[in-house]
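When reading the values below, keep in mind they use all heavy atoms of this one structure, side chains included, and skip hydrogens, waters and symmetry mates. We count ligands from 1, going down the list as the structure has it; atoms in each ligand are counted the same way. Values in this document were obtained by computation on a predicted structure and should not be read as measured data.
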Amino acid sequence: MKQMHLTVNGKAVYASVEPRTHLADFLRESLNLTGTHLGCEHGVCGACTLIVDGVPVRSCITLAVACDGASVTTVEGLDHDEIAGALRAAFSREHGLQCGYCTPGMLASARDIVIRMPDATAQDIRVAMSGNLCRCTGYVGIVRAIESVISERKAKSLAPPSNPRTDVGPAGSGRAGPTAPVSAAAAPVAARAARRTEPAGAAGRVPEARRIVEPGVGAPQTTVHESFTVDHPRGEVWAFFGRLGEVATCLPGTSLLGTPTDNHIETRIRIKVGPMVSEFEGAADVVRDASSFSGVIRGTAEDARSRSSTRGEIRYALIEEQHGASTRVEVDVGFTLTGPLAQFSRSSIVHDIARRMAGAFAQNLHARLSRGRDAAGTPVAELDAGGLLVSALLSRIKRFFRGLLGR
Ligand code: FES
Ligand code: FES
């Protein structure tokens, strides 16, 4: 797995991907951006075309890792784009689509033509659009739609962006400029980095500003929140959170692989569900912000037996209470499973189990903090997910009967 940061439709995304993953698969399967369509998956039909750093690219033959640091815009990110809006209306008016399968790719390529070729003739448009195939409409309506948008812009004297792109560069070429879609939500990398160090927000959940993966874009499939108070001053709790090995082993079934550094740790997490045993091995990195007493632990792990993998993050924020005598710890635990085990990750039972795992983490953390450094080597019991499963089922059954009996 390889970690990368990129901007998708104006939102910062932190992701861990296999190097062989195509951009289209990453967007569709990890970020749920299914507006990017796949046809041939060989770079021929153009259905998967989207915009990377202002350049239309075939996302089926672009590796996601090649887009590290790039700005990616899919059809979902063109909702408020002026030119794409005019093109959508024109496609509709000129019958430029039927089933719509090719349309996201058509719009990405057509938008590039409108920006780059303000004097394009019908013939120019046909040549420039020859990399996008449509199986339904024929091309007359599509060409007419693009022509009409170019004419409208001329009639309204809408100048092309200054210094429009004239050459085509590879994905992630850093050519994002006037041709890159303008989004109010877009945030340059520097601004995003600065945002990560903003002071803590009000009490409650870990502030949104801490979320490297923005909600809705690559957010973990399962997220649970826990909050508890410890009778220790915030400085003491903050120091404890700096001892990564101790914090990590508060997660049931976790053991260390090697010696952790201040901001990197390698662990094994063993989870047992009945006869099934999963052993996830992986690594995590930590970003701490002393000014706001908050931090993010992000990692990935793989289970060799089931060939499943997970990426997750634990976000925490420490809030002073009782005039500094105690500290409330707000913890968000989020994770996404991929591979054969992923089929379980959406069930509500798994949410219950994840909540109990987060609860156990909070309890262990509380105990460790209360017992101080003496408890550092205390082994944490392996997660008995079978037991949790039974208890989760029991509480569900209880809820069901309570609802049935109106109590
Ligand atoms: Fe990418 Fe056909 S699906 S070019
Ligand atoms: Fe159906 Fe183009 S509208 S493939």
Do Q98 and T137 have a side chain donor and acceptor closer than 3.5 Å? no
One finds that the ligand 2 atoms under 4.0 Å from a non-hydrogen atom of G100 are 1 (Fe), 3 (S)
Heavy-atom contacts with Q98 under 4.0 Å: which atoms of ligand 2 show up? List them by number with element. 3 (S)
Does NZ or CZ of R270 fall inside the cone over F280's six-membered ring, less than 6.0 Å from its centre and within 45° of the axis? no
Interfacing atoms of ligand 1 (cut-off 4.0 Å, heavy-atom, C40): 2 (Fe), 3 (S), 4 (S)
Identity of the nearest option to atom 2 (Fe) of ligand 2, non-hydrogen atoms only, from C102, C136, G141: C102
Salt bridge between E82 and R153, side-chain N to carboxylate O under 4.0 Å? yes
Can the positive tip of R368 be found less than 6.0 Å from the middle of the six-membered ring of F240, inside 45° of the ring normal? no
Report the C-alpha separation of K11 and E76 in whole Å, then their side-chain angles, then the decisive distance to 0.1 Å, and conclude whether the salt bridge (charged side-chain N to carboxylate O under 4.0 Å, His left out) test is met. CA-CA 12 Å; K11 293 183 178 173; E76 291 93 340; over 6 Å; no
Under 4.0 Å from one or more heavy atoms of E41, ligand 1 contributes atoms 2 (Fe), 3 (S)
S292 side chain to D289 side chain, donor-acceptor N/O pair below 3.5 angstrom: yes
Taking the basic N atoms (NZ, or NE/NH1/NH2) and the acidic carboxylate oxygens, is any pair closer than 4.0 Å for D119 and K154? yes
Short list, please: which atoms of ligand 1 are under 4.0 Å from a heavy atom of G43? 4 (S)
Against heavy atoms of C99, which atoms of ligand 2 measure under 4.0 Å? 1 (Fe), 3 (S), 4 (S)
Taking 4.0 angstrom as the limit and counting only heavy atoms of G46, give me the atoms of ligand 1 inside it, by number and element. 2 (Fe), 4 (S)
Atoms of ligand 1 less than 4.0 Å from R58 heavy atoms? 4 (S)
If you count the atoms of ligand 1 from 1 in the order shown, which ones are under 4.0 Å from a heavy atom of V44? 4 (S)
Salt bridge flag under 4.0 Å for residues E41 and R28: no
Protein contact of atom 4 (S) of ligand 2 - nearest heavy atom, named by residue and atom, plus distance: R135 N, 3.2 Å
Going by atom types alone, do T254 and R268 pair a side-chain donor with an acceptor below 3.5 Å? no
Check whether any N, O or S atom of C60 sits under 2.8 Å from atom 1 (Fe) of ligand 1. yes
C48 heavy atoms, cut-off 4.0 Å: which ligand 1 atoms fall inside? 1 (Fe), 3 (S), 4 (S)
Check each atom of ligand 1 against the heavy atoms of C45 and keep those under 4.0 Å away; list them by number with element. 2 (Fe), 3 (S), 4 (S)
